[in-house]
Amino acid sequence: MRPRRRDCLAGAAALLAGLGLEPGRAAEPGLYRRGNDADPETLDPHKSSTVAEAHILRDLYEGLLTYDNRGAIIPGAAESWTLSEDARTYTFTLRPDGRWSNGDPVVAEDFVFSLRRILSPATAAKYAEVLYPLRNAAAVNRGALPVEALGVSAPDARTVVVALEQPTPYLLELLTHQTSIPVHRASVERFGDAFTRPGNSVSNGPYRLRDTVPNDRITLEANPHFRDAARLAIPRVAFIPTPDLASAVRRFAAGEVDSLADLPGDQMASLKRRFGAQVVLGPALGLYALAVNTRKAPFDDPRLRRALSLVIDREFLAAAVWGETMAPAYSLCPAGLDNYGTPPETPGREALPIDNEEEARRLLAEAGFGPGRRPLRIEYRFNTTDNNRNTAIAVAEMWRGLGIETRFVYTDAKTHFAHLRDGGDFDVARMSWIADYSDPQNFLFLLTSGNDGMNAGRYSDAAYDRLLTEAAAERDLARRAGLLAHAEGILMRDLPWIPLMHYRSKALIAPRLHGYQPNLRNAAPTRFLRLDA
C-alpha cells in the first residue's frame with residue numbers, strides 16, 4: 001500500500017526532529033526571510049540605538065546619504081553636496097523625485113524638523129550625542145537653547161544647509177546613520193509615538209512597513225513611491241529575530257530563513273564543514289567589552305578593575321568561545337581606524353593570563369580582597385545569546401582563580417540595554433558597540449561624562465573630557481590623533497570598560513540570496529540584494 005501524504009510528512013518531521021532541525025516552511029516567492037540579532041525596541045529612528053534596529057531602518061528610510069551593499073557611502077535623499085572653504089558648512093541638494101511612501105514629496109524642511117526632533121530634550125534620544133558636531137547641538141539637546149538654534153536650515157524646498165561647530169572629518173558618514181534619518185512630520189504630529197505602527201508609518205526609503213508580530217517578524221514591502229522602486233529585486237523582506245543562535249542555525253538549515261547576521265562562535269568549525277561557502281566572514285568595526293559600575297563600591301576602585309582585566313584570556317575567548325570570529329582586544333578602539341595610529345593598550349598582552357595572576361592578586365589585596373580578607377562577589381549581567389552565555393561562563397572561570405565568586409543575571413537584549421540606559425544597578429555588564437563611522441571619536445565618546453545613554457557605569461574623568469573637547473576643535477589631523485590617543489590611554493588606565501574582543505562579521509547566506517558583500521560597515525541594504533525564484 002502506498003503511504004498517505006500525511007504519513008510521509010509526519011515521517012519527515014520526525015526525521016528532522018531527530019537531526020535537531022525544525023520542519024521548514026517553503027520559501028514564499030519574493031519574500032526575503034532575514035535573520036536579525038534581536039526584536040527591535042523601537043522603529044522610531046530617533047529613539048533607536050541597536051544594530052538590529054539599524055538594519056530595519058536602513059530599509060525603511062533614507063538619509064541625505066546612505067550605504068550600498070559594499071559599505072560605501074553613496075548619495076541618498078541628496079543627489080549632491082558642497083563644502084565651504086572653512087570646512088564648517090555643508091550644502092545638500094535633494095533629489096527632485098524624492099517621495100514618502102504616501103506620495104508626499106521629500107523636502108528640505110523634513111530634515112530640519114527631524115534633526116531638531118532628535119536633538120530636542122523632549123525626545124530623550126539615546127543617540128543624540130552622535131550629532132553634537134552640528135552647531136549648537138549640545139546646547140539644544142541639554143535645553144540651554146531652543147531647537148531653532150540648531151545649525152540646520154532649509155533655504156528652499158531642495159536645499160539643506162548643515163552648519164558645524166568645527167570641521168568634522170566624518171560628517172558625511174554621520175549622515176548615513178539612523179540618527180540623521182528624516183521622519184514624516186505630519187505622521188509624527190498626528191499619531192505621536194504611534195507613528196511607527198503599521199497603518200500609521202510613512203517612510204522615505206525603498207521599503208515601507210507592512211506588519212509587525214512581536215518576537216516573530218517585522219515585514220516590509222516595496223515602497224511604490226521610491227525613486228528606484230522598479231529596480232527592487234526583492235518585493236518583501238521579513239526581519240526575524242534570532243537571539244538564540246543555535247536555534248537560528250537550525251532554522252537556516254531547515255530553510256526557514258535565508259540569512260543570519262550572527263553565528264554561534266563555538267560552532268564555527270562545524271558550521272564551516274556543514275555549510276561551506278554559505279558561511280561568510282568579513283571585517284567589522286566593533287567592540288565587545290565589560291562595563292563596570294564605577295559609581296558603586298568596590299567597583300569604583302581602578303585597582304580592582306585592573307585585576308579583573310589582567311586574568312582574562314582574550315585569545316581563548318576569541319579562538320575557543322567565538323571560533324576565531326573575534327579578535328582579542330586590549331584597547332577600546334580597534335586597529336585600522338581612519339585618522340588614528342596604533343591604539344594604546346591596557347597591560348596584559350605581553351604575558352599569559354596565568355602569569356598575570358600575581359599582579360592581579362596584589363591589586364585585589366590593595367583593594368581589600370583576597371585570602372584572609374572578604375571574598376569578592378560579582379554580579380555579571382548579559383543579554384541572552386549562546387555566545388554571550390559561553391563568554392560569561394569562561395570569564396567567571398578565569399576570575400575564579402582569584403577567589404572571585406560570580407553570579408549571572410541574564411535577560412533579552414531589549415531588557416538588558418534598557419536597564420543599563422535607565423541607570424539600573426549592576427556590577428559588571430556585557431556591552432557591545434558597532435562603530436557608526438571609522439574614526440576613534442566614535443568609540444571614545446561613549447565614556448564621556450554625562451553620556452548616560454551609553455556610559456552605563458557613569459564613568460567621569462575631567463582630563464578625559466577635556467582631551468575629547470580639544471580634539472573636537474583641532475583641525476590638524478595628526479595633532480587630533482595624538483589628543484585622542486592620550487584620552488584612550490586614560491581609559492586603558494582606569495578601565496571603566498574592560499575590552500575583551502573586537503568584532504568580525506559572520507553570516508550564513510543561503511544559495512538563493514545574491515548580492516551580499518561582507519564589509520567594514522556590515523551594511524547589506526535589501527534594495528541591493530536579489531533572490532532566486
Keeping the roles fixed (side chain from [X], backbone from [Y]), state whether a donor-acceptor pair exists under 3.5 Å.
X	Y	answer
N519	Q517	yes
N339	P440	no
T384	T411	yes
N451	N455	no
T391	V395	no
D422	G424	no
E345	M492	no
N390	N387	no
E488	C333	yes
S180	T176	no

Quick check: closest heavy atoms across [X] and [Y], and the distance to 0.1 Å?
X	Y	value
I312	L308	CG1-O, 3.2 Å
A523	R58	CA-NH1, 3.9 Å
R430	H416	O-NE2, 2.9 Å
L531	G30	CD1-C, 4.3 Å
L285	L337	CD2-CD2, 3.6 Å
G336	S438	O-OG, 4.4 Å

In terms of ring plane angle, is the pair [X] and [Y] parallel, tilted or perpendicular, where the classes change at 30° and 60°?
X	Y	value
F252	F275	perpendicular
Y380	F382	perpendicular
Y288	Y503	tilted

- Hey, would you say the W433 and Y127 ring centroids sit under 6.0 Å apart? yes
Look up atom [atom1] in [X] and atom [atom2] in [Y], then write down how far apart they are to the nearest 0.5 Å.
X	Y	atom1	atom2	answer
F92	L172	CZ	CG	5.5 Å
T415	E41	OG1	CD	8.5 Å
K47	R117	NZ	CZ	6.0 Å
R250	E256	CZ	CD	10.5 Å
Q267	T325	CD	OG1	11.5 Å
L287	F443	CG	CZ	6.5 Å

Can you find a heavy atom in the side chain of [X] that is under 4.5 Å from one in the side chain of [Y]?
X	Y	value
F528	R231	no
L245	V249	no
L271	M268	yes
S259	Y516	no
V279	L508	yes
H184	R190	no
L232	Y207	yes
V106	W100	yes

- Message: Whether the R521 and S505 side chains hold a donor-acceptor pair (N or O, under 3.5 Å, no angle test) is what I'd like checked.
- Response: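 No, no side-chain donor-acceptor pair sits under 3.5 Å.
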- For T242 and R251, test the side chains for any donor-to-acceptor distance below 3.5 angstrom and give the result as yes or no. no
- Message: Looking at R99 and D104, is any side-chain nitrogen of the basic one under 4.0 Å from a carboxylate oxygen of the acidic one?
- Response: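 Answer for the salt bridge query: no.
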- Task: Let me see the working for S201 and T196 under side chain to side chain contact (heavy atoms under 4.5 Å, CB included), right down to the final yes or no.
- Result: CA-CA 5 Å; S201 174; T196 62; 5.7 Å; no
- Determine, step by step, whether M454 and E129 satisfy the side chain to side chain contact (heavy atoms under 4.5 Å, CB included) criterion, reporting the C-alpha distance in whole Å, the side-chain angles of both residues, the deciding distance to 0.1 Å, and the verdict. CA-CA 10 Å; M454 304 294 177; E129 202 163 306; over 6 Å; no
Could you list the donor-acceptor pairs under 3.5 angstrom formed by side chains in residues 218-227, with sequence neighbours left out?
residue	atom	partner	partner atom	Å
T219	OG1	D211	OD1	3.4
E221	OE2	R208	NE	3.0
E221	OE2	R208	NH2	3.3
N223	OD1	H225	N	3.0
N223	ND2	G205	O	2.9
R227	NH1	E62	OE1	2.7
R227	NH2	E62	OE2	2.9

- So R314 and S309, side chain to side chain contact (heavy atoms under 4.5 Å, CB included) or not? Walk me through it. CA-CA 10 Å; R314 293 159 170 85; S309 175; 2.8 Å; yes
- Item | Under the side chain to side chain contact (heavy atoms under 4.5 Å, CB included) test, residues paired with F316 that sit two or more places apart | D313, A320, V321, A394, M398
- Run the numbers on R197 and F191 for side chain to side chain contact (heavy atoms under 4.5 Å, CB included), then give the verdict. CA-CA 9 Å; R197 295 177 184 172; F191 298 112; over 6 Å; no
